[in-house]
Amino acid sequence: MQEITLHGSRILVGECAGELLRHLPDRRPIVITNPLVSSLYQGLFPTADVIKIGDGEAYKTLDTIDYIAGRLIEIGADRDSFILGIGGGVVCDVAGFAASIYMRGCPFGFVPTTLLAQVDASVGGKNGVNRGGFKNMLGAFNQPRVVLCDPLFLQTLPAGHYAAGFAEIVKAAMIADGALFEYLRENIDRARARDGKFLERVIRDSILIKARVVAEDERERGNRRLLNLGHTFAHAIEKRAALPHGQAVSVGVCIASRLSLHLGLMTGAEVQRVIELLALLGLPTTTDIPLRDLLAFARADKKKSGDALHLILPVGIGACEARLLSFAQLEELVDKLTE
Ligand code: NAD
Ligand code: GLY
């Protein structure tokens, strides 16, 4: 088992699901999960009060936070209660936000059970809910005490949700680790076979990349923005095409790579390798939605800065840069791409 620390969070990667309690700071956590994860893994849960929320992005709302708050009051939770989110990114984002505001904040931790939540959503301290169709508009930065990432959970993930996690892994590799990108290319068969040792390595490497970035810029004033590679377009695609987050990120990474090609930051061969790898991992790489429409949506996204936004652009494979571009410049750029 590997241990990574980040701003007071202990992140364990490896076999730990069998002994969840041993790794928690509190042996009587209040568990937040959903009916599907509960039905699959109830046997692993500590004897605990369990709050079940609805399954899926549609439940990442203030109504769900209100429901959790009501249940916490019924249970008699106080500021010292330890809240444990067990589930995918939706459960982690919602449980982290509920814990951050219940009685002005109680300690919390996560057992992420999707690949995407293990490599991204459970790490780094961002939590929150959607509002009015826009992603993560309400939330907080607050670090979990402990995150337990066990590849065992990934054996029961449906194929699409399993593939979704690889979009964030490829994203991390493109931001900071060309060797991880190559390792993925060389081990496609192990990825498809859900090989435990392979998964442990790519989960650890992805978390290390994210942890290094977040350690220096927890509140996203600078380099943390790089973690948003592909996300400007992804959030729009997620809404317009009703694609899951990971699949939308995959398309967003491809669009960003094509923009980099146009700006001379990547070669055609590099862009091709990115598109090929994502496709081999079972991910979509294109969208029918016009790029102009995606930009119009991005205007309302929280990632914008006045009349401009920080567009994250790959520079080769293994490095990225943020460019502050006005919407007028962006429109000109995407128009050139579609000519
Ligand atoms: P999800 O939470 O909706 O989970 C996907 C599906 O898998 C759900 O139906 C869930 O019940 C099911 N599931 C969970 N674990 C399972 C298991 N072990 N076996 C079988 N089924 C299982 O989606 P996700 O992709 O995990 O997370 C996406 C969310 O994460 C989005 O809301 C996104 O915005 C958020 N996110 C947050 C951050 C962050 O930094 N906070 C980063 C990336 C993504
Ligand atoms: N998922 C982007 C971030 O955590 O900053």
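Order of listing sets the numbers, starting from 1, for every ligand and every atom in it. What you see below is based on every heavy atom in this structure, not just the backbone, and it leaves out hydrogens, waters and symmetry mates. This one's a predicted model, so the numbers in the text were calculated from it and none came from an experiment.
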Would Arg194 pass as a cation-pi partner of Tyr162, given that its NZ or CZ must be under 6.0 Å from the six-membered ring centre and within 45 degrees of the axis? yes
To check your reading of the model: name the closest protein heavy atom to atom 1 (N) of ligand 2, its residue, and the distance in Å. Asp120 OD1, 3.4 Å
Quick one: does Asp93 get an N or O within less than 3.5 Å of an N or O on ligand 1? yes
To the nearest 0.1 Å, how far is atom 4 (O) of ligand 1 from its closest protein heavy atom, and which atom is that? Thr114 CG2, 3.7 Å
For Asn127 and Ala140, indicate whether the former's side chain and the latter's backbone hold a donor-acceptor pair under 3.5 Å. yes
Closest non-hydrogen contact found for Ile255 with Leu291 is CD1-CD2, 3.7 Å
If you measure from each non-hydrogen atom of Leu116 to ligand 1, which part falls under 4.0 Å: side chain, backbone, both or neither? side chain
Taking salt bridge (charged side-chain N to carboxylate O under 4.0 Å, His left out) as the test, write out the residues that go with Arg225, two or more places apart. none
So between Asp120, Leu157, Ile86, whose heavy atom ends up nearest atom 21 (N) of ligand 1? Leu157
Looking only at heavy atoms, is any part of Lys210 under 4.0 Å from ligand 1, and if so is it the side chain, the backbone, or both, or is it neither? side chain
Closest to atom 18 (N) of ligand 1 by heavy-atom distance, out of Phe141, Phe153, Tyr162, is Phe153
Which residue owns the protein heavy atom closest to atom 1 (P) of ligand 1, what's the atom, and how far is it? Val90 CG2, 4.0 Å
Do we get Arg201 above Tyr183's six-membered ring, with its NZ or CZ under 6.0 Å from the centre and within 45° of the axis? yes
Give the residue and atom name of whichever protein heavy atom lies nearest to atom 38 (C) of ligand 1, and the separation in Å to one decimal. Ala121 CA, 3.4 Å
Is it true that Asn127 lies under 4.0 Å from ligand 1, counting heavy atoms only? no
So the atoms of ligand 1 within less than 4.0 Å of a heavy atom of Leu40 turn out to be 19 (N), 20 (C)
Lys60 heavy atoms within 4.0 Å reach ligand 1 at atoms 31 (C), 32 (O), 33 (C), 34 (O), 35 (C)
Is ligand 1 under 4.0 Å from a heavy atom in the side chain of Leu36, in the backbone, in both, or in neither? side chain
If the cut-off is 4.0 Å to any non-hydrogen atom of Asn228, which atoms of ligand 2 fall inside it? 2 (C)
Side-chain ion pair, Lys197 and Glu200, N-O less than 4.0 Å: yes
Would you check whether Asp55 has a nitrogen or oxygen atom less than 3.5 angstrom from a nitrogen or oxygen atom of ligand 1? yes
Ligand 1 atoms in contact with Tyr41 (distance to a heavy atom under 4.0 Å): 18 (N)
Minimum heavy-atom distance between Val90 and Gly56, given as atom pair plus value: CG1-O, 3.6 Å
Could you check atom 15 (N) of ligand 1 against the protein and tell me its nearest heavy-atom contact, residue, atom and distance included? Thr113 OG1, 2.7 Å
Are Asp195 and Arg190 within salt-bridge range, i.e. N to O under 4.0 Å? yes
Check this for me, if you would: do Arg273 and Glu182 make a salt bridge, where the nitrogen-to-carboxylate-oxygen distance has to be below 4.0 angstrom? yes
Can Tyr41 and Thr156 be counted as having a side-chain donor-acceptor contact under 3.5 angstrom? yes
When clusters are formed from ILVMFWY side-chain contacts under 4.5 Å, directly or step by step, what else is grouped with Tyr59? none
Any ion pair linking Glu220 and Lys126 (charged N to carboxylate O, less than 4.0 Å)? yes
Do any N/O atoms on His231 end up under 3.5 angstrom from N/O atoms on ligand 2? no
Quick check: is Ile68 connected to Ile83 through a chain of hydrophobic side chains (ILVMFWY, heavy atoms under 4.5 Å apart)? yes
Using a 4.0 Å cutoff against the non-hydrogen atoms of Asn34, which atoms of ligand 1 qualify? 10 (C), 11 (O)
With atoms numbered from 1 as shown, which atoms in ligand 1 lie under 4.0 angstrom from a non-hydrogen atom of Glu57? 31 (C), 32 (O)
Between Val37 and ligand 1, which residue portion shows a heavy-atom distance shorter than 4.0 Å: side chain, backbone, both, or neither? side chain
Is there a polar contact between ligand 1 and Glu168, counting only N or O atoms under 3.5 Å apart? no
Hey, does Gly89 come in under 3.5 Å of ligand 1, counting only N/O atoms on both sides? yes
Which of the atoms in ligand 1, numbered in the order shown and given with their element, are less than 4.0 Å from a heavy-atom of Thr156? 17 (C), 18 (N), 19 (N), 20 (C)
Hey, are Lys336 and Glu332 close enough for a salt bridge, meaning a charged N less than 4.0 Å from a carboxylate O? yes
Please verify whether a non-hydrogen atom of Lys210 lies at under 4.0 Å from ligand 2. yes
Taking the basic N atoms (NZ, or NE/NH1/NH2) and the acidic carboxylate oxygens, is any pair closer than 4.0 Å for Asp120 and Lys171? yes
Just to be sure I'm reading this right: ignoring hydrogens, which of Lys135, Gln247, His161 gets closest to atom 33 (C) of ligand 1? Compare them by their nearest heavy atoms. Lys135
